[in-house]
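Encoded as structure tokens, the structure appears first; notes follow it.
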Amino acid sequence: MSTVNTVAAVSEAVRRQHTAYVTPEGAAWLASASAFPRSVAALWSARPTAPSVLPCGTAFDVVNVPALFGRRLLEQLWSAGPGSGPVAVHRGRVLLLVAPGTAQRLPSLLAWEEWADRVPPLLCHGAGDAVTVPPLYGPADGRTGGDAASRWVVAPDTRAPWLPGPDVLLWACVRAARSTAPGAGEAVPALVSAPGTA
């Protein structure tokens, strides 16, 4: 089996492991981002197919990227790195839920990289910001409602998901940018491993 086929098979196997809908543990983690998690949980009980607005900076930050670059970024995170935390698509943009503090550090780290000009502008949401996250459930599970433009790609499924930090995203961005550049076969530095995977 060629390297390309192996990577494709591994990527497909990893994608199948992730649920498209939030588990109760994942919902508890998402709600913990709010100052009023019980109110958020009550709202979700009443309207599980409606998107929600959650604050950033405590449970997670969000790196918001254009869809095409987001797909390349996820491919790099899963094929050459430790994977991603929860990931959503909302209104044509990919939202990566990342470790708190990443929104502040990532732009300055990218500015030092020679490939930064090939990375599209990233919207980094941290402390003081809020983002719209997809519904807990969508129409595919038989419920009514839901917005096809807002869905989970990798839904939260635990109370303590692993979230990539700025170092992991920096190298994933560099690798994604270099993968589309002329002469893309050049060696690229390996990503930092997730805790406990090295």
Side-chain angles (χ1 to χ4, degrees), residues 18 22 26-37 40 51-78 80-136 149-179 188-195 197:
H18 298 291
V22 180
W29 173 71
L30 282 172
S32 75
S34 170
F36 306 101
V40 171
S52 303
V53 177
L54 292 174
C56 299
T58 54
F60 56 82
D61 282 358
V62 172
V63 175
N64 180 333
V65 300
L68 182 58
F69 188 76
R71 181 177 177 179
R72 290 182 186 135
L73 189 57
L74 284 175
E75 286 171 358
Q76 291 300 322
L77 285 167
W78 284 108
S84 70
V87 178
V89 173
H90 183 69
R91 294 189 176 182
R93 307 262 312 174
V94 174
L95 308 177
L96 291 100
L97 278 65
V98 297
T102 300
Q104 181 181 2
R105 291 193 56 219
L106 182 61
S108 59
L109 291 174
L110 270 172
W112 282 85
E113 288 298 322
E114 65 180 287
W115 290 88
D117 61 333
R118 292 195 180 262
V119 175
L122 307 178
L123 302 176
C124 295
H125 308 283
D129 296 327
V131 294
T132 301
V133 297
L136 298 184
S150 184
R151 64 182 175 82
W152 290 102
V153 176
V154 179
D157 60 358
T158 177
R159 287 183 184 264
W162 178 79
L163 301 172
D167 52 349
V168 171
L169 285 175
L170 169 68
W171 290 113
C173 285
V174 169
R175 290 177 73 93
R178 288 184 75 170
S179 71
V188 182
L191 290 173
V192 176
S193 298
T197 62

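Small disclaimer: the values here were computed from a predicted structure and weren't measured.
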Sorted by chain and residue number, the side-chain contact (heavy atoms from CB on, under 4.5 Å) partners of Leu109 (sequence neighbours excluded) come out as Arg105, Pro166, Leu170
Minimum heavy-atom distance between Leu163 and Ala99, given as atom pair plus value: CB-N, 3.4 Å
Residues that Arg159 engages under side chain to side chain donor-acceptor pair (under 3.5 Å), provided they are two or more places apart: none
Is any side-chain heavy atom of Phe60 closer than 4.5 Å to a side-chain heavy atom of Pro86? no
side-chain contact (heavy atoms from CB on, under 4.5 Å), that's the test. Do Leu74 and Val87 meet it? Break it down for me. CA-CA 9 Å; Leu74 284 175; Val87 178; 3.7 Å; yes
My understanding is that only residues two or more places apart in sequence, or in another chain, count here; which of them pass side chain to side chain donor-acceptor pair (under 3.5 Å) with Ser34? none
Got a sec, which residues hit side-chain contact (heavy atoms from CB on, under 4.5 Å) with Pro37, two or more places apart in sequence or on another chain? Ala31
Measure across Gly126 and Asp61 and return the closest heavy-atom pair with its distance rounded to 0.1 Å. CA-OD1, 3.5 Å
Does Thr58 have any side-chain contact (heavy atoms from CB on, under 4.5 Å) partners at least two apart in sequence or in another chain, and if so, which? Ala33
Any chance you could lay out the side-chain contact (heavy atoms from CB on, under 4.5 Å) test for Val94 and Leu73, step after step, and finish with the verdict? CA-CA 10 Å; Val94 174; Leu73 189 57; over 6 Å; no
Considering only heavy atoms from C-beta outward, does the side chain of Leu30 approach that of Val22 to under 4.5 Å? yes
Val62 and Cys56: which non-hydrogen atoms are nearest, and at how many Å? CG2-SG, 4.0 Å
Starting from the C-alpha separation in whole Å, work towards a yes-or-no answer on side-chain contact (heavy atoms from CB on, under 4.5 Å) for Leu110 and Leu122. CA-CA 10 Å; Leu110 270 172; Leu122 307 178; 3.4 Å; yes
Euclidean distance, His90 NE2 relative to Thr132 OG1, rounded to 0.5 Å: 4.5 Å
Heavy-atom closest contact (Pro156 atom, Trp29 atom, distance): CB-CE3, 3.9 Å
Expected output: side-chain Trp152 to main-chain Pro135 donor-acceptor under 3.5 Å: yes
Sub-4.5 Å side-chain heavy-atom contact between Pro164 and Leu96: no
Could you tell me the separation between the CD atom of Glu113 and the CZ atom of Arg118, rounded to the nearest 0.5 Å? 14.0 Å
Show the nearest heavy-atom pair for residues Trp162 and Gly83, with the distance to one decimal. CZ3-O, 3.4 Å
Heavy-atom pair of closest approach, residues Phe69 and Ala176: CE1-CB, 3.7 Å
Under 3.5 Å, is there a donor-acceptor pair between the side chain of Arg93 and the main chain of Asn64? yes
Partner residues of Thr158 under the side-chain contact (heavy atoms from CB on, under 4.5 Å) criterion, sequence neighbours left out: Pro161
Rounded to the nearest 0.5 Å, what separation is found between the CG atom of Leu97 and the NE2 atom of His125? 10.5 Å
